[in-house]
Amino acid sequence: SGIHADHVTNLTLKNLNIHGFAHTGITAGALSGNTLLDNVTLRGNGWVGLDGDLGGNDDTSSNTGTITIQNSAIEWNGCTEDYPKTTIINCWAQQEGGYGDGFGAAKTGGDWRILNTKFIGNTSDGLDLLYADGTGSVLIDHVTAMWNAGNQIKVSGNATIQNSVVVGMCDYLRGHGAMSEDDLCRAAGAALSLSFTATNQKIDVLHNTVAGSGDCLINGGTHGGFSTPDKTDAYNYQNNIFLGAPYWRAGRNACLDWYTDATTIPFTVNYTNNIVWNVKANACPTGSICKDPLLTDENLSTFNPVPLSNSPARTNDVGAQP
């Protein structure tokens, strides 16, 4: 492994390229104060890029304070690098005994700030903060998350995801090394996984471009033993592009969200001024713009989110604008 940080106060890691390790790029847990990762690359580490679990998914790894990850790249972890060329070869994941998250945390508090960072091609989830316990908050801003084999972004509790590009082509790694069919689209391959851990929580999804070929573009509900959400828990989706693609396991396009077909929804869902296109059953919530967003390249394997000059995204101020 590259770096191990355990019960550190005010940890700063800057200007590092941590790549090609057999196991882990960075293990860091039980952090406090102001934690900063700035201009850190974690690439081609065989087990995981950034592991927030010191052992045992309980409170022993939980963080406090503010944790900022910015201007960084967490890519192709769960794969290895050829030497000396550093090209990516031989990926594996959980069905073969590996792991493969770009970043995965154990149960954690703290205020997380993920800024201007890429999570690309990891063999499980890209950014996994599903175990955030709701005592802090999560801000994800100007993030690119794409081609990870599980979910691209997972968060719980009060959170904001904004100005980001999320491409859930969860079978991108088919044929890469030892990746099995069961490793592709893990957790149904949703682009976003968004969960509540208590009442009176809010998850805002604002000005993003979200595309995917998993079961749905969005899944979630509750996590961390919390099972009774109510209308004080709210999903707010505003000024996003939601673009579906065929889900190879089901013979249909990705659904917009997992609760679209539910007869009763215990929490509040607000869709405002989003472009929704090419999703299961042509779903289009009231107030949505049901048009092709006309992006430069809508093929998920070569995706380019820049809207064309005649795109409705430009005239309606929608999506992750250039």
Side-chain angles (χ1 to χ4, degrees), residues 1-45 47-75 77 99 101-120 122 124-145 153-164 195 197-198 201-204 223-224:
S1 298
I3 292 175
H4 185 95
D6 185 335
H7 289 82
V8 178
T9 300
N10 297 329
L11 173 68
T12 296
L13 300 174
K14 295 182 69 174
N15 306 323
L16 299 172
N17 184 10
I18 301 171
H19 65 102
F21 281 86
H23 201 272
T24 301
I26 298 172
T27 300
L31 307 174
S32 60
N34 293 308
T35 300
L36 174 65
L37 275 68
D38 186 8
N39 191 30
V40 174
T41 294
L42 294 164
R43 183 180 188 272
N45 300 291
W47 181 256
V48 59
L50 176 56
D51 189 359
D53 189 352
L54 299 176
N57 192 25
D58 51 27
D59 293 336
T60 58
S61 301
S62 186
N63 306 286
T64 60
T66 299
I67 306 97
T68 302
I69 302 173
Q70 64 186 24
N71 309 318
S72 295
I74 301 178
E75 304 175 326
N77 296 287
Y99 178 25
D101 272 3
F103 167 49
K107 183 179 179 183
T108 181
D111 294 310
W112 291 83
R113 304 291 179 258
I114 317 296
L115 313 172
N116 191 36
T117 292
K118 297 179 180 180
F119 299 84
I120 296 177
N122 300 286
S124 188
D125 300 318
L127 168 59
D128 186 354
L129 277 168
L130 183 66
Y131 295 96
D133 62 13
T135 59
S137 62
V138 179
L139 171 64
I140 296 169
D141 190 8
H142 284 89
V143 161
T144 299
I153 294 175
K154 288 181 172 179
V155 296
S156 290
N158 289 303
T160 299
I161 302 172
Q162 62 188 21
N163 307 314
S164 296
S195 298
T197 63
Q201 291 183 339
K202 182 175 67 170
I203 298 178
D204 293 328
H223 198 262

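Computed from a predicted structure; not experimentally measured.
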- Query: Tell me, do Val138 and Asp111 make a side-chain contact under 4.5 Å, heavy atoms counted?
  - Reply: no

- Task: State, yes or no, whether a side-chain contact exists between Ile153 and Ile140 at a heavy-atom distance under 4.5 Å.
- Result: yes

- Item | With Asp101 via side chain to side chain donor-acceptor pair (under 3.5 Å) - residues at least two apart | Tyr99, Ser124

- Message: Taking salt bridge (Lys or Arg N to Asp or Glu O under 4.0 Å) as the definition, give me every residue that meets it alongside Asp204, ordered by chain and number, with sequence neighbours left out.
- Response: Lys202

- Message: Quick check: closest heavy atoms across Ala132 and Ser156, and the distance to 0.1 Å?
- Response: O-CB, 3.4 Å

- For Gly109 and Ser62, the nearest pair of non-hydrogen atoms, with its separation, is N-OG, 3.0 Å

- Message: Could you tell me if Asp51 and Thr27 have a donor-acceptor pair between their side chains, going purely by distance under 3.5 Å?
- Response: no

- Would you please name every residue forming a side-chain contact (heavy atoms from CB on, under 4.5 Å) with Ile67, sequence neighbours left out? Thr35, Asn63, Trp112

- Query: Ignoring hydrogens and geometry, is there a side-chain-to-backbone donor-acceptor pair from Ser195 to His223 under 3.5 Å?
  - Reply: no

Pairs under 3.5 angstrom only: tabulate donor-acceptor contacts from the side chains of residues 7-15 to other protein residues two or more places apart or in another chain.
from: Thr9; atom 1: OG1; to: Ser32; atom 2: OG; distance (Å): 2.9
from: Asn10; atom 1: OD1; to: Asn34; atom 2: N; distance (Å): 2.8
from: Asn15; atom 1: OD1; to: Asn39; atom 2: ND2; distance (Å): 2.9

- Could you grab the distance from atom CZ of Phe119 to atom OG of Ser72, nearest 0.5 Å is fine? 8.0 Å

- Task: Indicate yes or no for a side-chain donor-acceptor contact from Asn45 to the backbone of Ser1 under 3.5 Å, with no hydrogens or angles considered.
- Result: no

- Item | Flag side-chain contact, heavy atom, 4.5 Å: Thr41 against Leu16 | no

- Would you please test Asn71 and Lys118 for side chain to side chain contact (heavy atoms under 4.5 Å, CB included) and show each step? CA-CA 8 Å; Asn71 309 318; Lys118 297 179 180 180; over 6 Å; no

- Candidate list Thr68, Leu115, Val155, Ile114, test side chain to side chain contact (heavy atoms under 4.5 Å, CB included), partner Leu139, passing option: Leu115

- Query: If you take all heavy atoms of Gly102 and Asn77, which pair is closest and at what distance?
  - Reply: CA-ND2, 4.4 Å

- Message: Could you measure the distance from the NZ atom of Lys107 to the CG atom of Asp53? Nearest 0.5 Å is fine.
- Response: 13.0 Å

- Task: Would you name the heavy atoms of Gly157 and Gln201 that are closest together and state the gap between them?
- Result: CA-OE1, 3.4 Å

- Task: List for me each residue that meets side chain to side chain donor-acceptor pair (under 3.5 Å) alongside Thr135, sequence neighbours excluded, and say none if there are none.
- Result: Asp133

- Query: So which of Leu50, Leu42, Thr117 actually passes side chain to side chain contact (heavy atoms under 4.5 Å, CB included) with Phe103?
  - Reply: Leu50

- Non-hydrogen atoms of Ser164 and Gln162 that approach each other most closely: OG-O, 2.9 Å

- Note on the structure: Residues passing the salt bridge (Lys or Arg N to Asp or Glu O under 4.0 Å) test with Asp125, sequence neighbours excluded, are Lys154, Arg186

